[in-house]
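Everything below concerns the one structure shown next.
Values below: all heavy atoms of this structure, side chains included; hydrogens, waters and symmetry mates excluded.
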Amino acid sequence: MKIITDIITEGKGKRVYATENPDEAIVYYKDEAIAFHGLKRGRIIGKGEINNRICEYMFTLLSQQGVPNHFIGRVDERSSLVRRVTIIPVVVKVRNIVAGSLARRTGYPEGTRLNNTVIEYCLKDTELDDPLVNLTHITAMGLATAEEIRAMESMAVRVNDILTEVLREISIELIDFKLEFGRFHGEILVSDEISPDTCRFWDASTHEPLDIDRFRRDLGDVAGAYREVLHRLTGYAYQTNEEEP
Ligand code: 5GP
């Protein structure tokens, strides 16, 4: 039994609680969905429980493959125990196929396969919509050291290779995703979450999004897409009595 104390931080999809152990925290996954700077808000029924299980699957996979991460174990349906890291204020985005802000910024059509994996660094600042920064900004502003950037980049590439392979087997294309990293006793750990809230997953045959873009773009059956990803990954059929609005 972990005694929960204060809320450390609350984001768009999660709440993080301190525990009596200063090295551990509890992540609680919410059903709430927010997009476009909070202009669009909604609830995806079951998202919290589904993302909790998807993150359990993803982080366990990374641990098995030797990628250091914050996950310790799932506590209950909506929460998991993690190492209490200090988040590095740099969001790392990994892209295999053009979508989202890359399409908007460059005019390249969504769905264009990139000749090589693109790694982008953004300042973690919701108010500013996580602006793109380069490596010299990161070191100049003291956000992370050159050594930390190298570690984050090589872990991001490893995560991309591992997830791409696993998802390919269940007919899901990994378009792009964002990662956050945390400092923990001199180590850098993959932290935050890896879920349809933070990745673009397209069905390999229909190219339909199975992720938060369904909510952002009003494509319908958002909860169904989240359930589908969980089911394909783990075989677990999430059920709820609640009806989608
Ligand atoms: P883009 O820069 O194209 O909007 O996003 C690239 C990837 O990072 C996508 O998989 C997207 O879902 C994820 N991403 C970007 N910004 C955020 C954010 O603020 N929150 C979450 N959860 N994911 C994000």
Report task. Please identify each residue that fulfils side chain to side chain donor-acceptor pair (under 3.5 Å) with T198, with sequence neighbours left out. Result -> none

Report summary line: Residues passing the salt bridge (Lys or Arg N to Asp or Glu O under 4.0 Å) test with K178, sequence neighbours excluded, are E180, D192

Query - Residue pairs involving residues 54-90 (criterion ring pair (Phe, Tyr, Trp, His ring centres under 6.0 Å); sequence neighbours excluded) - result: F59-H70

Query - Test salt bridge (Lys or Arg N to Asp or Glu O under 4.0 Å) applied to E165 - qualifying residues, sequence neighbours left out - result: R168

**Report entry** Pair R78 + E49, salt bridge at N-O below 4.0 Å
**Finding:** yes

Query raised in the report: Which other residues end up in the same hydrophobic cluster as V98, if Ile, Leu, Val, Met, Phe, Trp and Tyr are linked when side-chain heavy atoms come under 4.5 Å apart?
Result: L102, Y108, L114, V118

**Report entry** Presence of salt bridge, E110 and R217, under 4.0 angstrom
**Finding:** yes

**Report entry** Note: R200-D211 ion pair, threshold 4.0 Å (strictly below)
**Finding:** no

**Report entry** Pairing residues for R83 by the side chain to side chain donor-acceptor pair (under 3.5 Å) criterion, not counting sequence neighbours
**Finding:** none

Query - Pairing of E193 and K12 as salt bridge, 4.0 angstrom limit - result: no

Report task. Mind checking side-chain contact (heavy atoms from CB on, under 4.5 Å) for R84 and listing every partner two or more places apart, or none if nothing turns up? Result -> I8, A18, A25

Query raised in the report: Y121: what forms a side chain to side chain donor-acceptor pair (under 3.5 Å) with it, not counting sequence neighbours?
Result: E153

Query raised in the report: Honestly, is R53 close enough over Y236, meaning NZ or CZ under 6.0 Å from the six-membered ring centre and within 45° of the axis?
Result: yes

Query raised in the report: Just by distance, with hydrogens left out, do D197 and S195 show a side-chain donor and acceptor under 3.5 Å apart?
Result: no

Report task. Quick one: which residue pairs count as a ring pair (Phe, Tyr, Trp, His ring centres under 6.0 Å) with a foot in residues 186-219, not counting sequence neighbours? Result -> none

Query - All salt bridge (Lys or Arg N to Asp or Glu O under 4.0 Å) counterparts of K40, not counting sequence neighbours - result: D218

Query raised in the report: side chain to side chain donor-acceptor pair (under 3.5 Å) with R216: which residues, sequence neighbours excluded?
Result: D213

Query raised in the report: Taking only residues two or more places apart in sequence or in another chain, which ones pass salt bridge (Lys or Arg N to Asp or Glu O under 4.0 Å) with E148?
Result: R183

